[in-house]
Amino acid sequence: MKRARAGRIVNISSGAGLAASLTGIQAYCSAKHAVVGLTRQLALELGPFGITVNSVAPGFMRSNPASEKQWEGYGEDGQKALIERIAMRRLGTAQDIANAVVFFASDLAGFVNGQVLAVDGGK
């Protein structure tokens, strides 16, 4: 990318990397904060080479066994409360995340650098 003087790096962080996590998962929260910091630092260091570095921060999604277990642990009332805290009144999908990544990787984001895009339905 440096030789080409162009490139796109898109990291996946998390909503837990933007604020303190209410789930009590300190290691996960800390790691996602680190991804945000790395994104911003690399954006500064690689920007002069025409390389942008951005991050997508998904909100809660039912995308793997751990998130399914967490979802089930909320129970019906907790699930409803979680969805009601989201402006779009639904959980996100893998396609929602993919769309954000495609944007950051595209020429449309050619002057967007060091940013974190929360893809959380307006939480």
Side-chain angles (χ1 to χ4, degrees):
M1 286 186 206
K2 283 183 175 180
R3 277 195 298 274
R5 300 202 60 79
R8 301 281 189 267
I9 297 171
V10 182
N11 295 320
I12 306 297
S13 55
S14 169
L18 303 175
S21 175
L22 300 177
T23 63
I25 305 171
Q26 297 87 359
Y28 180 83
C29 184
S30 298
K32 295 308 180 174
H33 275 271
V35 171
V36 170
L38 178 65
T39 297
R40 292 180 175 150
Q41 186 62 37
L42 288 175
L44 179 69
E45 293 179 17
L46 298 176
F49 298 96
I51 301 166
T52 64
V53 185
N54 294 291
S55 182
V56 175
F60 182 81
M61 298 193 182
R62 297 172 62 188
S63 58
N64 58 56
S67 63
E68 279 299 319
K69 185 176 179 181
Q70 186 176 357
W71 175 254
E72 291 167 8
Y74 290 149
E76 189 175 324
D77 290 340
Q79 293 168 359
K80 183 178 178 185
L82 173 64
I83 290 173
E84 287 177 357
R85 288 193 301 271
I86 300 170
M88 300 297 296
R89 297 298 192 266
R90 69 172 179 86
L91 296 179
T93 66
Q95 188 63 53
D96 294 319
I97 302 309
N99 292 342
V101 171
V102 168
F103 167 70
F104 276 144
S106 76
D107 289 338
L108 294 172
F111 199 61
V112 179
N113 196 21
Q115 299 304 305
V116 180
L117 178 60
V119 180
D120 61 8
K123 185 178 176 219

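One-based numbering along the sequence shown. What's counted below: heavy atoms across the whole structure, side chains too, no hydrogens, waters or symmetry copies. Please read these numbers as outputs of a predicted model, since none were measured by experiment.
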According to side chain to side chain contact (heavy atoms under 4.5 Å, CB included), who are the partners of Ser55, at least two apart in sequence or on a separate chain? Asn11, Ser13, Val35, Thr39, Val116
Report the C-alpha separation of Lys32 and Ile25 in whole Å, then their side-chain angles, then the decisive distance to 0.1 Å, and conclude whether the side-chain contact (heavy atoms from CB on, under 4.5 Å) test is met. CA-CA 11 Å; Lys32 295 308 180 174; Ile25 305 171; over 6 Å; no
Kindly check if the number of other-residue, nucleotide or ligand heavy atoms within 6.0 Å of CZ (Arg3) is above 12?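 Count not over threshold, so no.
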For [Y], does its backbone N or O pair with a side-chain atom of [X] as donor and acceptor, under 3.5 Å?
X: Arg5; Y: Pro48; value: yes
X: His33; Y: Ala20; value: no
X: Ser30; Y: Ala27; value: no

For Leu42, the rest of its hydrophobic cluster, which grows through side-chain links under 4.5 angstrom: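 Its cluster mates, by chain and number, are Met1, Ile9, Leu38, Leu46, Phe49, Ile51, Val53.
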Distance-only check: which donor-acceptor pairs under 3.5 Å involve side-chain atoms of residues 75-88, not counting sequence neighbours?
residue: Gln79; atom: NE2; partner: Trp71; partner atom: O; Å: 2.9

Taking all non-hydrogen atoms of both residues, which atom of Leu18 and which atom of Ala57 are closest, and how far apart? CD1-CB, 3.9 Å
Over all atoms of both residues, closest heavy-atom pair of Gly47 and Asn113: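 Gly47 and Asn113 have their closest heavy atoms at CA-ND2, 3.9 Å.
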When clusters are formed by joining ILVMFWY residues with side-chain heavy atoms under 4.5 Å apart, either directly or through shared neighbours, do Ile97 and Leu117 land in the same one? yes
Extract all donor-acceptor atom pairs below 3.5 Å that involve side chains of residues 99-112 and protein atoms in other chains or at least two apart in sequence.
residue: Asn99; atom: OD1; partner: Gln95; partner atom: NE2; Å: 2.9
residue: Asn99; atom: ND2; partner: Gln95; partner atom: O; Å: 3.3
residue: Ser106; atom: OG; partner: Phe103; partner atom: O; Å: 2.7
residue: Ser106; atom: OG; partner: Leu108; partner atom: N; Å: 3.1

Please evaluate residues Thr93 and Met61 with respect to the criterion side-chain contact (heavy atoms from CB on, under 4.5 Å), reporting the C-alpha separation (whole Å), side-chain torsions for both, the decisive distance (0.1 Å), and the verdict. CA-CA 7 Å; Thr93 66; Met61 298 193 182; 5.8 Å; no
If you look only at pairs with a residue in residues 43-52, which of them pass as a side chain to side chain donor-acceptor pair (under 3.5 Å), with sequence neighbours excluded? Gln41-Glu45
Not counting sequence neighbours, which residues clear side-chain hydrogen bond (donor to acceptor under 3.5 Å, both in side chains) with Glu72? List them please.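 With neighbours one apart ignored, the set is empty.
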Could you walk me through whether Val36 and Arg40 satisfy the side-chain contact (heavy atoms from CB on, under 4.5 Å) test, starting with their C-alpha distance in whole Å, then the side-chain angles of each, then the deciding distance to 0.1 Å, before giving a yes or no? CA-CA 6 Å; Val36 170; Arg40 292 180 175 150; 3.5 Å; yes
